[in-house]
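Inspection log for the structure reproduced underneath, given as structure tokens.
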Amino acid sequence: MEINLVSDTVTKPTQDMLRAMFHAQVGDDVYKQDPTVIELEAKVAEMFGMEAGLFFPSGTMANQTAIKLHTQPGEQLIADKWAHVYNYEGGGVSFNSGVSCCLLNGNRGMITAEQVSGSINDPEFYHAPLTSLVCVENTTNKGGGACYDFEEFKKIKQVCDANKLKFHLDGARIWNALVATNDNPKEYGKVFDTISVCLSKGLGAPIGSVLLSDKATIHRALRIRKIFGGGMRQVGYLAAAGIYALENNIERLADDHRRAKELGAVLENLSWVAKIEPIETNILIFSVQSHVSEAVLMEKLKQKGISISSMGHGKLRIVTHLDYREVMHTYVLETLLKL
């Protein structure tokens, strides 16, 4: 039995999802003539109370498009030091948009309105880059799946409005956050200028993210997506997987969260574990005692058919997901206890 807990991106479409993909109605999406893509974009936009959406092959491209929409070369965005847009998007902030990052020392990847307010450059001080955008991530990847308190989003929005800044949400695991907090997704549409939501992580679709905003902004995004090479043809086959995921795989995320917490409870009582980060959703980050080798631990688990990942700096990561079934979970719990 091979159990991959490296990421929630390793899932494969179920037979029912494949059936939905196989029967999808398609057209040429570059000409905006794919009915299934149009349906998906409208469905996600309606969920978040926003006017329009645009389908992207990846969350990175959706985020990079949002940054391009909201900034000009030489300007600066504010984000947490662990932000995905800074750490894991290949330097695209600088390459694609010519923008620098003001990185804040947040709490588990989450920043506050007070921190944002204190980091905005004086727009009249032309020696410093013009602050034009704030980016936040929910849940936070390097923060171990931490969820923002929505009230903090509203406070950051007030700071943005007062300083004429745009506000973007990298909602890579927004579905996990919504299940964990029971927040209303329509409230998000009132706060953010743009939101990217991912379909290929917890929801189990093979590919795809959707960028949400008002109609005029999404019309501009269409041109940027083209420049970035994101125009796709009969992509309704993939959009159908996204629709199936939205209709069938959101509520079951609670199972992923439960299993992550149960794994954490076992790890907490093992002598070779030094620390476990708080577990809110489906990501579990822990570190081992100084006398324990990360590489040796990962190899021992691999020999048992279990794969996890290293985040560097002494941290290891486990991510639960759709393909991690209860029988696998029982086996992993027993294996950890015997190590």
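Predicted model only: the values in this text are computed from it and were never measured. Heavy-atom basis, side chains included; hydrogens, waters and symmetry copies ignored.
- Among all heavy-atom pairs drawn from Ala260 and Leu284, the shortest one is O-CD1, 3.3 Å.
- Note that the SG atom of Cys101 and the CD1 atom of Ile67 stand 7.0 Å from one another [nearest 0.5 Å].
- At a threshold of 4.5 Å between side-chain heavy atoms, the hydrophobic network of Ile, Leu, Val, Met, Phe, Trp and Tyr places Val266 and Leu316 in one connected group.
- Glu187 and Lys190 are joined by a salt bridge, as a carboxylate oxygen and a charged side-chain nitrogen come within less than 4.0 angstrom of each other.
- Applying the side-chain contact (heavy atoms from CB on, under 4.5 Å) test between Val296 and each of Glu299, Lys300, Glu294 identifies Lys300 as the sole match.
- For the pair Glu41 and Lys32, the salt-bridge criterion is met [side-chain N within less than 4.0 Å of a carboxylate O].
- Note that CG of Asp256 and CZ of Arg173 are 11.0 Å apart. Values are rounded to the nearest 0.5 Å.
- Leu322 and Val10 fall into different hydrophobic clusters, where Ile, Leu, Val, Met, Phe, Trp and Tyr residues are linked whenever their side-chain heavy atoms come under 4.5 Å apart, directly or through other members.
- Note on Ile306: it does not cluster hydrophobically with Val6, by side-chain heavy-atom contacts below 4.5 Å among ILVMFWY residues.
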| What do the steps show when you test Asn282 against Asp8 for side chain to side chain donor-acceptor pair (under 3.5 Å), and what is the final call? | CA-CA 8 Å; Asn282 68 320; Asp8 47 7; 2.9 Å; yes

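- Within the 4.5 Å cutoff, no side-chain heavy atoms of Leu130 are placed close to those of Gln76.
- Salt-bridge formation is detected for the pair Asp29/Arg225: a Lys NZ or Arg NE/NH1/NH2 atom is positioned less than 4.0 Å from an Asp or Glu carboxylate oxygen.
- Ring geometry for Tyr188 against Phe150 counts as tilted: the plane angle lies between 30° and 60°, on a 0 to 90° scale.
- Taking 4.0 Å as the cut-off between side-chain N and carboxylate O, Glu268 and Lys275 do not count as a salt-bridged pair.
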| task | Report the C-alpha separation of Glu280 and Lys261 in whole Å, then their side-chain angles, then the decisive distance to 0.1 Å, and conclude whether the salt bridge (Lys or Arg N to Asp or Glu O under 4.0 Å) test is met. | result | CA-CA 8 Å; Glu280 294 182 51; Lys261 290 171 183 175; over 6 Å; no

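- Here His329 contributes atom NE2 and Leu263 contributes atom CG; the two are 5.0 Å apart, rounded to the nearest 0.5 Å.
- Aromatic pair Phe153/Phe192: centroids less than 6.0 angstrom apart.
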| task | Let me see the working for Asn96 and Lys68 under side chain to side chain donor-acceptor pair (under 3.5 Å), right down to the final yes or no. | result | CA-CA 7 Å; Asn96 296 318; Lys68 188 78 174 169; over 6 Å; no

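- Among all heavy-atom pairs drawn from Ser209 and Ala62, the shortest one is CB-CB, 4.4 Å.
- The residues Glu326 and Arg259 are annotated as salt-bridged, a charged nitrogen and a carboxylate oxygen being separated by less than 4.0 angstrom.
- In this structure, the side chains of Cys147 and Asn138 come closer than 4.5 Å at one or more pairs of heavy atoms.
- In this structure, the side chains of Asp214 and Met50 stay at 4.5 Å or more apart for every pair of heavy atoms.
- Proximity of a side-chain donor or acceptor of Thr217 to a complementary backbone N or O of Ser213 within less than 3.5 Å is not detected.
- Under the 4.5 Å side-chain criterion, counting only non-hydrogen atoms from C-beta, Arg258 is not in contact with Thr320.
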| task | Would you sort out whether His168 and Thr194 count as a side chain to side chain donor-acceptor pair (under 3.5 Å), showing the intermediate values? | result | CA-CA 5 Å; His168 172 66; Thr194 48; 2.8 Å; yes

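- Summarising the local packing, NZ of Lys302 is surrounded by 12 or fewer heavy atoms from other residues, nucleotides or ligands at distances under 6.0 Å.
- Test Asp193, Leu133, Val134 against Leu165 for side-chain contact (heavy atoms from CB on, under 4.5 Å) and you get one pass: Val134.
- Nearest approach of Ile195 to Gly189, heavy atoms of both residues: CD1-N, 4.4 Å.
- Atom CG of Asn105 sits about 3.5 Å away from atom NZ of Lys81, to the nearest 0.5 Å.
- From Leu267, atom CG reaches atom CD1 of Ile318 across 5.5 Å, with rounding to the nearest 0.5 Å.
- A salt bridge links Lys154 with Glu151: the distance from a Lys NZ or Arg NE/NH1/NH2 to an Asp or Glu carboxylate oxygen falls below 4.0 Å.
- Under the 3.5 Å distance criterion, with hydrogens and angles disregarded, no donor-acceptor pair is assigned to the side chains of His70 and Ser132.
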Using distance only, find each side-chain donor-acceptor pair of residues 231-245 under 3.5 Å and give its atom names and separation, not counting sequence neighbours.
residue : atom : partner : partner atom : Å
Arg233  : NH1  : Asp28   : OD1          : 3.3
Arg233  : NH1  : Asp28   : OD2          : 3.1

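- Rounding to the nearest 0.5 Å places OG1 of Thr14 at 5.5 Å from CE of Met17.
- Trp82 pairs by the side-chain contact (heavy atoms from CB on, under 4.5 Å) definition with Asp80, Lys142, Lys315, not counting sequence neighbours.
- Side-chain atoms of His84 and Asn63 include no donor-acceptor pair closer than 3.5 Å.
- In this structure, the side chains of Ile218 and Glu51 stay at 4.5 Å or more apart for every pair of heavy atoms.
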